[in-house]
Amino acid sequence: MYKLSTHEGLGSFSKSKEYALQALQKAKDISFEKGIGVSYYSLGNTYGLSYNLDSAIVYFNMANEIFERINYVKGEGNVLTGLGYAYMDKGDLGKAMEYALLALKKREKNNDLHNIAGSYVQLAIIFHEEYGFGDESIKTNEKKSLRYNLRALKIFKQINSEVNIGIVSTNIGANYSRLDMLDSCLHFYKQALAISTRLGNKYGMAIDNNNMGVVLKDFEEYDRALFYLKNADHLYVELNHPNGRLDPLRTISRIYGTMDQPYEGLKYAKEALKISRELNSAKQLMKSTFLIHSSFAQVDSFRQAYDMLTLYKNMSDSIYDNKRDEQMREQELAYNVEKKEQQIIDLERSNELAQLRRNILIGSLLAIVLIAFLLYNQQRLKSKRNQLLFEKEQEVDRMKSKFFANISHEFRTPLTLLMGPIDHLTEISNDPRQLHFLDMMKRNTSRLLNQVNQLLDLSKLDAGQLKLKVVKIDPVPFIKGIVMSFETLASNQEVNLSFLHNNEISDFYADQDAVEKIVANLLSNALKFTPSKGIIKVEITNIESSELLAKSVAALELIVTDSGIGVDEELQKHIFDRYYHTDSDLQASTGIGLALVKELVDSHFGIIRVDSQKGKGSTFTIHLPTGKNHWKNININESQEQVETMGLSISSERSTKSPLMMEEVKISNNPSILIIENNEDVRYFISEILKNQFQTLVASDGMQGIEKAQDKLPDLIITDIMMPGLDGYEVTKQLKSNIKTSHIPVIMLTAKVGLKNKLLGLETEADEYMTKPFSASELIARVNNLISSRTKLREQFREAITMGPNRITVTSIDAEFVNKVKSLIELNMADTNLSVEFLGDQIGMSRSQIYRKLHAITGFSPNQLIRELRLVRAMDLLKNNSGTVSEIAYMVGFNTPNYFNTCFNKKYGTPPGEVKKQHSL
């Protein structure tokens, strides 16, 4: 009976209690003292899991009296653990920690691996619950929690306890969530859910579904988050576990608030408050009260919001009142166990309480039905309005397409007459300036002709007259050829363009012209909105089952990703609409390119989706079904013809690289030079003479130049002095005094002559001063000299760093920066989680900024510098015989001694054990 009561597969607290009571009665019948004790322990567990904490504590204490009397050490450890969890749920973490440590000592005495791991789990949970004061305190406690969980996981894997592996995986996921490592968090939550589902553990499934919902909320995937959270709530209802429902209900409420559905959020907040009141838990009631305060504020019920906030404040003061807490402990010690047990039995038999609960349930159900009816009626009317609006928009689009189709034919003849003479003049002209303008004219006439052709294609699609010529295509070389035709344009814009693929793609049938237009339009769009130094990546993959297509068929997946300006959330809803306009200068119109892409993808029975975040880039994902079963009414050419890509007016020049020889293509990364000059012609001239050796960035005024310098961190800056707003002196002064840009050499250009002006320029710490007019060769020579001298200085820094701590004695801003980074690394060297983000937070720079700054000064990336200093410190420790090789590896922050041995041997050419042996003689 006792084993049945503790069997986790039951998933029912009422059944567990029933078996525990039967076990207790049988043990009393035969005067079996140990059996009476374990039955009390089982009842304590059951009441604890159903959140009747006072009853749980009573039964645990009764069990402990018996176990101490008969010297049953294992039972004492179990009871102390149960008391620890009960007090933790009551909010008394100090007492919970006391019982958890006592339990661990009992279990270590017995050398009980399974239960020792259980105590590690409990200590981990306590540290996770203990917030402390300030961010550093929270992170410190969370790291302690993670360490205990990892110890427990190691033991459970050693003894192959799958149930507990799932539980600890859940807890580790929670640790990573608190430490803002959401990818690791999601990995462990998925692992835990898979285990609990495989075992049919409903209680574990409820916990894991809730955790998946919480982390997906942090990823802002609200629909998926709601799916998991509502699953968790349904499971807790099945288990009759009201306390478990609180977390999913609160999170659902917050998500609906974020999704601008405050009334839906208020409904779930009210349900959480109701359950908290029934549980009579001050801790849970305080959380629910604050949530419903926020929900009332969202729906503008400020009076109720204020009342709830006042109630929350009173409860908070009450919970953390030390004097009140001490009184409660004294009352607990004086508690009459037999009287309390009788009160529990009387309470369970109370018909009045049961009737009251039934009345509340019936009233809630009626209210839910009424709200559901009102919401359904509102949604039906809204859908009808949306349908009418959609039909009207469709009619407007058809009228626009018909109009543009008519005038497009009129454009083609004059465009043809323009392009012919331009080509002829290009062939006979030798003047570079004329060729530059002719090239510009040709590119723009070609672009206009391409727009006309797209309009005609759209009109044909609308009229159902676009005839697809479906053939068997080898997508890898075909799409690669299209991508590579954009290489020159990407290079000119200083954008890194790459192509990745899976060679196992086959059995793909499509219209080649349509596929080319899809890829070319997506790449043109990406290049249009990706700034200099950005990244564009094209990937194609064969997937066996597409989650986007309705029938989950095999598909070709095409992904175009860029690091551009991103798309506003509002524009994403209309990004495939024709002629849609916004008020943004950078995203003035979606035009027709993406509308054509959408129509062509639809014509191939595919799906296109866009994922974008303002300022962080966009990703377009297309799934096109493979095979030919979906081409039922189309004649298919099986000969796998391949045609040349037409390039779609990308550039007047072609790359000399062969796309078929490359698996991944990236634009070269020469030194970058920022030109700050308000005169457009001068900007163009300087850029032209430098572009063969360097990457060039331009800014039209001083403020823009400072912003671009801080963002891009170029290798060198050329600035004019006479500019509107900030002049060259002020620009140089700000750049040299800013820790982010102080290392960048500056050349000042001016029409002012004379020693006084030159001295004024040099006083601002400019590295060079040149007067206009200047020689192109002289400018190139000075640029190369400055970059060369910067390289030599970088070598000096590298040498100083590898000599050990505090060896850099130069007093420049750059040296101070490097010394500060070194000091931070040396102070936190033992921390295996020492990261670039931590260094950036301490210094006040982003990850990319600290990377570029540190690499420009020392030639090291942050991670390389961390490893370099760890190895230098390790060498000192080995020579001083400060510990074993393994101890020294951990002292300097390596995760494993093996990895330390590999890195040390690679740097010094000898194993660390050999160094230690030599200095131990």
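No experiment lies behind these values; they were computed from the predicted model shown.
The side-chain heavy atoms of Phe127 and Arg147, taken from C-beta on, include no pair separated by under 4.5 Å. Looking only at side-chain heavy atoms (C-beta outward), Glu162 and Leu199 come within less than 4.5 Å of each other. Residues Arg250 and Asp247 have side chains in contact (heavy-atom distance under 4.5 Å, counting atoms from C-beta outward). You'll find the side chain of Ser276 reaches within 4.5 Å of the side chain of Leu246, heavy atoms only. You'll find the side chain of Leu123 stays beyond 4.5 Å of the side chain of Val121, heavy atoms only. Residues Tyr256 and Leu226 are in side-chain contact: their nearest non-hydrogen atoms beyond the backbone lie under 4.5 Å apart. Taking 4.5 Å as the limit, every side-chain heavy atom of Leu182 sits out of range of all side-chain heavy atoms of Tyr176. Proximity of Lys34 to Ile66: side-chain heavy atoms (C-beta onward) are nowhere separated by under 4.5 Å.
Here Leu186 contributes atom CG and Leu216 contributes atom CG; the two are 6.0 Å apart, rounded to the nearest 0.5 Å. Of the inter-residue distances, the one linking Arg198 atom CZ with Leu193 atom CG reads 10.5 Å to the nearest 0.5 angstrom. Here CD of Glu238 is found 8.5 Å from CE of Met205. Values are rounded to the nearest 0.5 Å. Separation of atoms CZ (Arg254) and CG (Leu249) is listed at 11.0 Å; rounding is to 0.5 Å. Distance CG/Leu43 to OH/Tyr19: 14.5 Å, rounded to 0.5 Å. Atoms CE and CG, on Met212 and Asn231 in that order, are 11.0 Å from each other to the nearest 0.5 Å.
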Go through it in stages, so that I can follow the logic: the residues are Tyr222 and Thr258, the test is side chain to side chain contact (heavy atoms under 4.5 Å, CB included), and I'd like the CA-CA distance, side-chain angles, deciding distance and then a yes or no.
CA-CA 9 Å; Tyr222 298 129; Thr258 303; 3.2 Å; yes
So Leu93 and Met97, side chain to side chain contact (heavy atoms under 4.5 Å, CB included) or not? Walk me through it.
CA-CA 6 Å; Leu93 296 181; Met97 177 69 76; over 6 Å; no
Test log, rule side chain to side chain contact (heavy atoms under 4.5 Å, CB included), inputs Leu153 and Asn149:
CA-CA 6 Å; Leu153 183 62; Asn149 274 324; over 6 Å; no
How far apart are the C-alpha atoms of Lys190 and Asp208, what are their side-chain angles, what is the distance that settles it, and do they pass the salt bridge (Lys or Arg N to Asp or Glu O under 4.0 Å) test?
CA-CA 8 Å; Lys190 284 181 178 178; Asp208 297 330; over 6 Å; no
Decide yes or no on ring pair (Phe, Tyr, Trp, His ring centres under 6.0 Å) for Tyr59 and Tyr47, but give the supporting numbers first.
CA-CA 9 Å; Tyr59 281 116; Tyr47 278 112; 5.6 Å; yes
Could you walk me through whether His128 and Asn171 pass side chain to side chain contact (heavy atoms under 4.5 Å, CB included), step by step?
CA-CA 9 Å; His128 179 75; Asn171 295 347; over 6 Å; no
Let me see the working for Lys95 and Glu98 under salt bridge (Lys or Arg N to Asp or Glu O under 4.0 Å), right down to the final yes or no.
CA-CA 5 Å; Lys95 203 160 188 177; Glu98 176 185 338; over 6 Å; no
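Comment: Glu108 does not engage Lys105 in a salt bridge, judged by the lack of any side-chain N to carboxylate O separation of less than 4.0 angstrom.
A 6.0 Å sphere centred on OH of Tyr263 holds no more than 12 heavy atoms belonging to other residues, nucleotides or ligands. Residue-environment remark: NZ (Lys26) stays at or below the threshold of 12 foreign heavy atoms within 6.0 Å. No more than 12 heavy atoms of other residues, nucleotides or ligands shown are found within 6.0 angstrom of CG on Asn240.
Looking at Tyr189, its side chain does come within 3.5 Å of a backbone N or O of Ala174 through a donor-acceptor pair. Without hydrogens or angle criteria, Asn61 side chain to Ile57 main chain gives a donor-acceptor distance under 3.5 Å. Not one N or O on the side chain of Asn115 forms a donor-acceptor pair closer than 3.5 Å with the backbone of Gly118. Without hydrogens or angle criteria, Ser161 side chain to Lys157 main chain gives no donor-acceptor distance under 3.5 Å. Looking at Gln122, its side chain does come within 3.5 Å of a backbone N or O of Thr81 through a donor-acceptor pair. Remark: side-chain polar atoms of Ser169 are not paired, donor with acceptor, to backbone N or O of Ala192 under 3.5 angstrom. Of the possible polar contacts, none joining the Ser42 side chain to the Val38 backbone as a donor-acceptor pair under 3.5 Å is found. A distance-only check finds no donor-acceptor pair linking the side chain of Asn64 to the backbone of Phe60 [under 3.5 Å]. A distance-only check finds a donor-acceptor pair linking the side chain of Asn201 to the backbone of Tyr203 [under 3.5 Å].
Side chains of Asn141 and Arg178: no donor on one and acceptor on the other come within 3.5 Å. A donor-acceptor contact closer than 3.5 angstrom links the side chains of His114 and Asn164. In this model, no donor atom of one side chain and acceptor atom of the other lie less than 3.5 Å apart for Asp89 and Tyr85. Between the side chains of Asn175 and Ser145, at least one donor N or O lies within less than 3.5 Å of an accepting N or O.
Of all heavy-atom pairs spanning Ser253 and Gly265, the tightest one is OG-O, 2.7 Å. Here the closest non-hydrogen pair linking Gly35 and Ala27 is C-CB, 3.6 Å. Thr46 and Ser16 get closest at one heavy-atom pair: OG1-OG, 3.0 Å. Contact detail for Tyr228 and Gly213: the closest heavy-atom pair is CB-N, 3.8 Å. Counting all heavy atoms, side chain and backbone alike, Ala117 lies closest to Phe156 at CB-CZ, 3.5 Å. For Ala63 against Gly37, the heavy-atom pair with the smallest separation is CB-O, 3.3 Å.
Screening residues 225-235 for salt bridge (Lys or Arg N to Asp or Glu O under 4.0 Å), with sequence neighbours left out, gives Asp233-Arg245.
Tyr99 and Tyr87 have their aromatic ring centers within a separation under 6.0 angstrom.
Taking the ring centre of Phe227 as origin, the terminal cationic atom of Arg224 falls outside the region bounded by 6.0 Å and 45° from the ring axis.
His241 and Tyr236 have perpendicular rings, their planes meeting at more than 60° on a 0 to 90° scale where under 30° would count as parallel.
Residues that satisfy the salt bridge (charged side-chain N to carboxylate O under 4.0 Å, His left out) test with Lys144, not counting sequence neighbours, are absent from this structure.
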